[in-house]
Amino acid sequence: MAIDFDSNLPIYIQVMDYIKKEIVSGRLKPGDRVDSVRDLALHFGVNPNTVQRSLSELEREGLLKSERTAGRFISENEELIGLVREQMATTCISRYVKEMENLGFEGEEILAQTAYYVKERNNDNGEH
């Protein structure tokens, strides 16, 4: 299953971001074994060297750890994972606010629009 990559951003960064999202969302749990470079390359439809670079960077950041004979594993440092999650959220919010401001919305209007959207989305999902 290849992913639609953004041509404006290096693929290895997009692979890193995908794996980070899997970690911070809890879909990949602390201590889980990461698929092999080869399997991930097939999954993403990219060169194994690209995946290797992504995984090496994630190791450097501390989100992955490598065990020589057993492979790579998700970090068990939940404080670090929480910090990365907060950083990713801040990036998303920053982009969203900038786009809303480009549409002419200001602080309270952005909050009101967001609250309305969340409320309606919850209602659509049967939540009250």
field: side-chain contact (heavy atoms from CB on, under 4.5 Å) partner of E22, the single match among D32, L28, V34
entry: L28
query: So, for S75 and G62, which heavy atoms are closest and what is the spacing to 0.1 Å?
result: CB-O, 3.1 Å
- request: Identify whether F73 and I23 are in the same connected component of the hydrophobic contact network (ILVMFWY, side-chain heavy atoms under 4.5 Å).
  value: no
message: Please tell me whether L80 and I19 are part of a single hydrophobic cluster in this structure, the criterion being side-chain heavy atoms less than 4.5 Å apart.
response: yes
- request: Just say parallel, tilted or perpendicular for the rings of F44 and F5, cut-offs at 30° and 60°.
  value: tilted
- prompt: Going only through I, L, V, M, F, W and Y residues with side-chain contacts under 4.5 Å, is there a path from L64 to L83?
  reply: no
- request: Could you name each residue pair satisfying salt bridge (charged side-chain N to carboxylate O under 4.0 Å, His left out) that touches residues 78-107, not counting sequence neighbours?
  value: none
task: Over all heavy atoms of both residues, which pair between N8 and D6 is shortest? Give the atoms and the distance, please.
output: N-OD1, 2.7 Å
message: Can you confirm whether more than 12 heavy atoms, excluding those of R27, are under 6.0 Å from its CZ atom?
response: yes
message: Set out, in order, the CA-CA distance, both residues' side-chain angles and the distance that settles side chain to side chain contact (heavy atoms under 4.5 Å, CB included) for D35 and H43, then state yes or no.
response: CA-CA 10 Å; D35 289 341; H43 172 78; over 6 Å; no
query: Y18, L9: one ILVMFWY side-chain cluster at the under-4.5 Å cut-off?
result: yes
Distance-only criterion, 3.5 Å: show the donor-acceptor pairs between side-chain atoms of residues 51-61 and protein atoms not counting sequence neighbours.
unit_1, atom_1, unit_2, atom_2, d
Q52, NE2, S56, OG, 3.2
R53, NH2, Y12, OH, 3.3
S54, OG, Y12, O, 2.8
S54, OG, T50, O, 3.1
S56, OG, Q52, O, 3.0
E57, OE1, R60, NE, 3.1
E57, OE1, R60, NH2, 2.8
E59, OE2, R72, NE, 2.4
E59, OE2, R72, NH2, 3.1
E61, OE1, K20, NZ, 3.1

field: Test log, rule side chain to side chain contact (heavy atoms under 4.5 Å, CB included), inputs L63 and I74
entry: CA-CA 6 Å; L63 287 172; I74 305 302; over 6 Å; no
message: Using side chain to side chain contact (heavy atoms under 4.5 Å, CB included), reason through M88 and T91 one step at a time and then give a plain yes or no.
response: CA-CA 5 Å; M88 292 178 82; T91 299; 5.6 Å; no
Note, E67 side chain near K65 side chain (heavy atom, < 4.5 Å): yes
- prompt: Hydrophobic cluster mates of I110, side-chain heavy atoms under 4.5 angstrom, ILVMFWY only, any path?
  reply: I93, Y96, V97, M100, L103, F105
